[in-house]
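A quick write-up on the structure given underneath.
All figures in this text were calculated on a predicted structure; none of them were measured in a lab. For ligands, and for the atoms within them, numbers begin at 1 and follow the listed sequence.
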Amino acid sequence: MDKARIGVVGLGTMGSALALNMAEKGFDVAVTNRSADRLPVFLEKAGPLAPRLVTAKTPEDLVAALDTPRIVLLMVPAGAAVDDQIALYRPLLGKGDVIVDAGNADFHDTRRRAEDLGAAGLHFLGLGVSGGEEGARHGPSMMAGGTQAAWAAVSDILQAIAATFRGQPCAAHLGPDGAGHFVKTVHNGIEYADMQLIAEIYGLFRADGRAPAAIGEVFEAWNQGPLMAYLTEISAKVLQATDPETGQPMVDVIADRAGQKGTGRWTVIEAQKLGQPATTTEAAVAARAWSAAAAAREAGKGLFPPPDKLHGPIPTEGDLEKALLAGRVLALSQGFALLAAASEEYDWSLDLAATAEVWRAGCIIRSGLLDDITQAFRVGVPHGLLQFAPHFVAILAETTPALRRTVAAAAVAGVPIPALSAALASYDTMRTARGTTNLIQAQRDFFGAHGFERVDAKGAHHGPWGG
Ligand code: 6PG
């Protein structure tokens, strides 16, 4: 084999799948892994693709196997492992060579690494990769941040291996330094929100006595309509699956305790820092945290009287379908507003239409809505709020009455629906011209003489509370 076009470091699930995808698209790939025993296993798994792959036992061997500019793609756990690998490769690489971090990194780390490596004449690309193992192997969605030169060096490979939407690759250079990893973080924040919204709808059906498989059939039908999305599709499948050991519905034997690697939490932290509400993601992160408090929830069950029975039947299937659609639109709207705020803060000039474009296929939040979102941002969105774009105003006008009925019914029945309620509150807040922070201002002025603006005069004013 001639020298390899790219080196992949880390042959875990995602690294292996990306390397095989590249080899399949005709690129020669050098691979390495911290524990070298994985290398022969990987080559065996590669089967007919093995001739396009070269294994390297050490960083020196990997770098020696690469064509120039040398491209080293890291697919290792976020955090210290990335810094450790950069420290290993940095002395072996020269001016113009490129390091790509394809893991889920905290974008602050990516900004720091881009600056450090840039000072040494190296290029760094922070690459968000979405789609899980299947996506990485057959077509992920990829969000790149870094120098133009870094992108130019790898764009042909990334565009060849990416998912496509109507023939267009779902891989794009979205901005400098941490822009790609930030977009991926917000993607995951939206993913958390959507998963939570779906789980809440499942919870309402379950409270009404509906069996998992029957709920799965409803999701399957919904996936043919406006709720078409990867997450709707897989929810339908998992709800209809049976545990081979007990014969029970699979979801019934899974503990109610959600894991999280951190990207949802990062979204919420950055949203708070930017003063940008991302309340549906906050609700989803909180729901996962509450899920960990199993013992306390068990104790809580016995402490309080049960809520009233539903006043009337559970919302109709039609209402729940619309409620989920409204929630999804509002969660996406919050996510894009957060992207816009970060772009402003970090001077990224993020193209939100291009961002929506790379989410149309391959990623976990792909849905029928993303193409409409792309169009909306191309035309321009009033006040930066997707929910104000005419297409989405129409969807919300049609669906929010059902969201309202759903939230009300869940409140009466005592079924917790933090994300659906947060979505409704954000919708109602942003269609209420005069809210209630006038009272907050009065309170602040009362106890701290913080001053307030008057509706009829500019400048700082104080109230007559001094006595
Ligand atoms: C993707 C996913 C992925 C994420 C896992 C687990 O876009 O392919 O977002 O990047 O890491 O799904 O995430 P949590 O452990 O935080 O749920």
Side-chain angles (χ1 to χ4, degrees), residues 10 12-18 21 73-79 81-82 100-107 109-110 126-145 158 161-163 165 170-172 174 178 180-199 229-235 237-238 254-271 278 280-292 328 331-332 335 338-339 355-367 370 419:
T13 314
M14 295 294 282
S16 303
L18 279 180
N21 189 352
L73 182 143
L74 308 176
M75 195 42 123
V76 297
V82 175
V100 181
D101 174 13
N104 275 337
D106 180 331
F107 83 107
D109 287 339
T110 306
L127 184 70
V129 178
S130 179
E133 182 181 11
E134 181 67 14
R137 178 65 185 85
H138 298 291
S141 160
M142 284 174 288
M143 298 137 245
L158 299 183
I161 65 165
F165 182 85
C170 292
L174 297 172
H181 275 144
F182 188 83
V183 169
K184 176 59 173 44
T185 297
V186 174
H187 164 284
N188 283 26
I190 297 169
E191 171 187 305
Y192 271 54
D194 205 34
M195 290 167 77
Q196 177 64 24
L197 290 165
I198 291 172
Y230 173 72
L231 286 171
T232 312
E233 180 193 327
I234 64 160
S235 303
K237 288 187 176 146
V238 299
I254 298 177
D256 164 34
R257 214 166 27 245
Q260 52 179 322
K261 291 204 197 92
T263 45
R265 194 181 299 134
W266 290 347
T267 304
V268 173
I269 290 169
E270 296 310 324
T280 49
T281 304
E282 281 169 31
V285 173
R288 291 197 193 189
W290 277 322
S291 82
R328 181 175 284 169
L332 281 158
L338 175 55
L339 289 177
T355 302
E357 261 175 11
V358 296
W359 289 350
R360 289 182 302 182
C363 68
I364 303 293
I365 64 164
R366 63 187 185 261
S367 79
L370 264 318

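- Of all the atoms in ligand 1, the ones that sit under 4.0 Å from a non-hydrogen atom of Gly132 are 8 (O).
- When each atom of ligand 1 is checked for a heavy atom of His187 under 4.0 Å away, the hits are 7 (O).
- When only non-hydrogen protein atoms are considered, atom 8 (O) of ligand 1 lies nearest to Gly131 N, 2.9 Å.
- Here is the list of ligand 1 atoms found below 4.0 Å of a heavy atom in Gln260: 15 (O), 16 (O).
- Heavy-atom contacts of Asn188 reach the following atoms of ligand 1: 4 (C), 7 (O), 9 (O), 10 (O) (cutoff under 4.0 Å).
- The closest protein non-hydrogen atom to atom 7 (O) of ligand 1 is Ser130 OG, 2.5 Å.
- Of the candidates Thr263, Asp106, Thr110, His181 forms a side chain to side chain donor-acceptor pair (under 3.5 Å) with just one, namely Thr110.
- In this structure, Ser130 contributes its side chain and Ser141 its backbone to no donor-acceptor pair below 3.5 Å.
- Of the protein's heavy atoms, Lys261 NZ, 3.7 Å lies nearest to atom 6 (C) of ligand 1.
- Taking both residues in full, the closest heavy atoms of Thr281 and Gly189 are given as OG1-O, 2.9 Å, listed atom of the first, atom of the second, then distance.
- Ranking the protein heavy atoms by distance from atom 16 (O) of ligand 1 puts Tyr192 OH, 2.5 Å first.
- In terms of modelled atom types and a separation under 3.5 Å, the side chain of Ser291 and the main chain of Ala258 share a donor-acceptor contact.
- Of the protein's heavy atoms, Arg288 NH1, 2.8 Å lies nearest to atom 17 (O) of ligand 1.
- Atom CZ of Phe165 sits in a crowded spot, with more than 12 heavy atoms from other residues, nucleotides or ligands closer than 6.0 Å.
- For the pair Thr267 (side chain) and Thr185 (backbone), a donor-acceptor distance under 3.5 Å is present.
- Of all protein heavy atoms, the one lying nearest to atom 11 (O) of ligand 1 is Asn104 ND2, 3.1 Å.
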Worked verdict on Phe182 versus Leu338 for side-chain contact (heavy atoms from CB on, under 4.5 Å): CA-CA 10 Å; Phe182 188 83; Leu338 175 55; 4.2 Å; yes
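- Nearest to atom 12 (O) of ligand 1 among the protein's heavy atoms is Glu191 OE2, 3.5 Å.
- Annotation for ligand 1: atoms under 4.0 Å from non-hydrogen atoms of Ile364 are 1 (C), 2 (C), 7 (O), 8 (O).
- Put simply, the side chain of Arg366 gets close to the backbone of Cys363: a donor and an acceptor are under 3.5 Å apart.
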